[in-house]
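Read through the structure below, which is laid out as structure tokens, and then see the notes.
Numbered from 1 within each chain, the chains take letters A, B, ... in sequence-line order.
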2 protein chains.
Amino acid sequence: MRISDVAAACGLSADTIRYYEKSGLIPTVGRGADGHRRFSKENVDWLTLLYWLRETGMSMVQMRRFCSLAQEGDKTKPERRRILVDHAAELDRRRAQLDRCEAVLQVKIRSYDKRQ
Amino acid sequence: MRISDVAAACGLSADTIRYYEKSGLIPTVGRGADGHRRFSKENVDWLTLLYWLRETGMSMVQMRRFCSLAQEGDKTKPERRRILVDHAAELDRRRAQLDRCEAVLQVKIRSYDKRQ
DNA sequence: TACCGGGTTGGAGTTACTCCAAGTCAACAG
DNA sequence: CTGTTGACTTGGAGTAACTCCAACCCGGTA
């Protein structure tokens, strides 16, 4: 797959994908005879995961850690699993934050309704 | 109130509060005889609201708009109300995103559990 | 009087992109 | 065969929203 196809498939922009490769967040990206990047299905799955991790607030430092673990093979699976479990817990914290903000907004909105 | 007290009260750092003032996100901040900022209860409430808006993804451009509306007086209340209602809807979208990420993570975590 | 703990400013550094200019290359039209 | 189009390449500049820092001021205590 070409970079534009991958961008359409995984949700990241072509620029971001190039930036992620340069930053060491994608294990193995091949090149065609023309020098263009060629992405495997594995690459696309990987980038799709990164998209979701990033979209929900994981830092690039964390993602880089996750990537280098993935390159070290199966023996790092427990640690990689733990990173994802921790991130799932982080999602819960964010959900709670949205709820608190929602409450603040509702109070504020009602205060506009009263004095009008 | 001094800036450090406000920081403790509203959740933003002193640096961020100064940055927000410089950027025109706080309507009226007074100064004491010593040249230090003095914050009113209104200021603190305002900054607490900004904290929640920012924490849940509102951009500074939007917050600046909200601030300049607040300075125009009561006639802008309907528009300010609408901004908050729109942001509440945005919170729903973010909640849905967290849910989708959660699902992706669970699938991935289970895939680690299988082959081990 | 010397220091300490607050505050002040302006400016540099950081993260995670995003955009752009200049160049290459393959494919197709005339 | 030549010219244009479109998609890719790189390096580098620009952006948002902070965050940190140096250098300074000022009021109060030992």
Exercise for the section: Give me the residues of residues 39-69 of chain A where at least one heavy atom lies under 4.0 Å from an atom of DNA chain D, by number, or none. Expected result: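 Within this stretch, nothing sits under 4.0 Å of the strand.
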
### Query
Without hydrogens or angle criteria, can the side chains of A:Asn43 and A:Ser40 be said to hold a donor-acceptor pair below 3.5 Å?
yes

Between atom [atom1] in [X] and atom [atom2] in [N], what is the gap in whole Å?
{"X": "B:Arg31", "N": "D:dC25", "atom1": "CZ", "atom2": "P", "answer": "17 Å"}
{"X": "A:Met1", "N": "D:dA7", "atom1": "CE", "atom2": "C1'", "answer": "15 Å"}
{"X": "A:Lys22", "N": "D:dT9", "atom1": "NZ", "atom2": "P", "answer": "12 Å"}
{"X": "B:Ile17", "N": "D:dT19", "atom1": "CD1", "atom2": "P", "answer": "12 Å"}
{"X": "B:Arg2", "N": "D:dG28", "atom1": "CZ", "atom2": "P", "answer": "13 Å"}
{"X": "A:Asp15", "N": "D:dG14", "atom1": "CG", "atom2": "P", "answer": "16 Å"}
{"X": "A:Tyr19", "N": "D:dT9", "atom1": "OH", "atom2": "C1'", "answer": "19 Å"}

Those residues at least two apart in sequence (or on a different chain) that pass side chain to side chain contact (heavy atoms under 4.5 Å, CB included) with A:Asp99 are B:Arg95

Nt span of DNA chain C in reach of chain B heavy atoms at under 4.0 Å, 5' end first, is C:dG6 to C:dT9

Over all strands shown, is [X] touching base, sugar-phosphate only, or nothing at heavy-atom distances under 4.0 angstrom?
{"X": "A:Ser23", "answer": "nothing"}
{"X": "A:Asp34", "answer": "nothing"}
{"X": "A:Arg37", "answer": "sugar-phosphate"}

| message | Using ring centroids (six-membered ring only for Trp), state whether A:Phe66 and A:Trp46 fall under 6.0 Å. | response | yes

Heavy-atom check, side chain of B:Met1 versus side chain of B:Lys41, under 4.5 Å: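 Answer no - side chains too far apart.
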
Could you tell me whether B:Arg31 and B:Glu21 make a salt bridge, using a distance below 4.0 angstrom between a side-chain N and a carboxylate O?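 The answer is yes: the pair qualifies as a salt bridge.
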
Exercise for review: Output yes when A:Glu90 and A:Arg93 qualify as a salt bridge under the 4.0 Å nitrogen-oxygen rule, no when they do not.
Suggested key: yes

Q) When you look at A:Arg18 and A:Asp15, which way does the salt bridge (charged side-chain N to carboxylate O under 4.0 Å, His left out) test go after all the steps? A) CA-CA 5 Å; A:Arg18 279 189 282 261; A:Asp15 268 318; 3.7 Å; yes

Taking all non-hydrogen atoms of both residues, which atom of B:Leu69 and which atom of B:Thr76 are closest, and how far apart?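 For B:Leu69 versus B:Thr76, the nearest heavy atoms are O-OG1, 2.7 Å.
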
**Request:** Determine whether more than 12 heavy atoms belonging to other residues, nucleotides or ligands lie under 6.0 Å from atom CD of A:Glu42.
**Result:**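 Not buried by this count: 12 neighbours or fewer within 6.0 Å.
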
For D:dT19, take OP1 and OP2 only and decide whether either is under 4.0 Å from a side-chain N or O of B:Thr16. yes

Taking for A:His36 and for A:Tyr20 the nucleotide of DNA chain C with the nearest heavy atom, the one nearer the 5' end belongs to A:Tyr20

